[in-house]
Amino acid sequence: MRRALAVSLFALAVASTTPAVATHVVRYVSKHPLPKKVGRGFCYLTVPHVHDYEPSDPRLYRQTDGQYYFVGDPAPFDYDGPRYSFYGAHPVADVDVQFGTPTYCYLRGPHYHWYAPPPQAQFELRGGAYWYVGTYDPVYYSERPRFVVINDAYTPVVYARPVVDVRVAPPSFHGEIVAGGPGWRGGAVVGAPVVQAGIHVAVPPPPVVQVGVGINLGGGPPAVVHDHGNHRGWDKHGRGGWRGPPPAGGWRGPPPPPAHRGPPPPGPARGGGWRGGGPPAAAPGGGNWRGGPAAAPAPGGGGWRGGPAPQQKKSGGGGWRR
Amino acid sequence: MTMSRAAMIVLIGGGMALSMAMAGCKKQAADGANPNAAAPGATPPTAQHVDGTPHTDAAVKAWQGAGLTPEGFAPMTPVPFGAAYCEQGRVQAIDTVVCEYRDQEALGRGKTEMLEQWGREGANTAVAFQTKLTLLGVLDRGRRDPNGKVMSQLVETFRKL
């Protein structure tokens, strides 16, 4: 009898404490990777929807109006939809999504998205990828310290990046060129580095020509690092990206000069090439630096002006494979 | 310590009565959150199709044409989500609701209400998508479509109506 009483009281307690319904709702704008707890792969819903789970990695998302938008490369997540190759940072050009402010993808080097930029957007298709050739909005620089961590999310992921011929990068491309990085398979065709208007090659000579899927360029430093001096504290030698002063507090460097069209700053190369601060004082008029080449490329040398390749740690991903 | 048999019976009976009373409260609360539940004494709104916007039968035909298998679509009475007319059924075993509205404002409210209710019910995935003045609601309760491929096909077909 006492046992029956205990059971009855227990049932009463359970009945009074069990919540009637679940209430966790997370809103997504479009397609996105599934978190591990749900399974592998991708959610292919292209319209706003809700799930009962949070994003697996918030670094891969932006929030707009309380909804998550996946801003990364879908390729490593068993994505099997349409894909388009991009190179370097660019505005998110997904015509199905409206952001209130300019929103940028900060992925370095070659990567995929499921959208192609609309014709009116300032992209050039060259060497197998879309390159953004417009002017970055100031918000690109102010938000970069916050969102560039997306590259850290991809660092441990080995997957086939698109093959892009960086030798034909548009002269008006303002971003950085990297020819390899941790976790990359395939990816950029690096060939002999070249110097083009606005692009400095500042790396050890990379593998002569690397092609396609299956060749691991990873482990070594990204080959070319430069985005016209707008990245104080940015040092890509080694893994993980940020090696400069702690980025806490946001971008503290000078604002990007809006209209620098002159040549790059004179002076001797400093080891791995020009990594200095911003270019000379801005001239009025809009646009970014479109100046001529930093120096005439050495014949046959492809413009390599840096010092010898820095010593690479052997651990974690191997070194350069020649 | 001993307890008389009569006291035991009273205690157990009281506990059971309390449990039943609480269950009744919960049911009442749930009914209160359920838009299908009509207020006592209220006349349920008459279900009428809305002209000029896709009807459920058009959506069902389109889904069939896309290779999907809609089944069991029937009018909902009383009409939920502030709509003029609603039908519910299943497509590939996924709960689906199609509601017709007389104006955009009512549709907007209905859309919000639909997602909020399904969120409270613990849906794994839910979509509310409109074409003209017809609102499509798709609800995956058991992770039958974790990749959203079926739901996406449902929505994309509906979008073309």
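The figures that follow rest on heavy atoms only: side chains count, while hydrogens, waters and symmetry mates do not. Residue numbers begin at 1 in each chain, while the letters A, B, ... track the order of the sequences.
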Return the OH to CG distance between A:Tyr79 and B:Asn147, rounded to the nearest 0.5 Å. 12.5 Å
Structural part of B:Ala123 lying under 4.5 Å from a heavy atom of chain A: backbone
Against chain A, label B:Glu156 side chain, backbone, both or neither, depending on which of its atoms sit under 4.5 Å from a heavy atom there. side chain
Residue part contacting chain B, namely of [X], when any heavy atom lies under 4.5 Å:
X	result
A:Asp78	neither
A:Val50	both
A:Tyr28	neither

Residues in residues 62-75 of chain A near chain B [non-hydrogen atoms, under 4.5 Å]: none
Who in residues 32-46 of chain A is close to chain B, using a strict under-4.5 Å heavy-atom cut-off? A:Leu34, A:Val38, A:Arg40, A:Gly41, A:Phe42, A:Cys43, A:Tyr44, A:Leu45, A:Thr46
Which of these, B:Val138, B:Asp140, B:Val127, sits in a side chain to side chain contact (heavy atoms under 4.5 Å, CB included) with A:His49? B:Val127
Which of these, B:Arg159, B:Met151, B:Gln130, sits in a side chain to side chain contact (heavy atoms under 4.5 Å, CB included) with A:Val47? B:Arg159
For B:Glu105, is the CD atom crowded, meaning more than 12 foreign heavy atoms sit under 6.0 Å from it? no
Are A:Asp52 and B:Arg143 close enough that some pair of their side-chain heavy atoms sits under 4.5 Å apart? yes
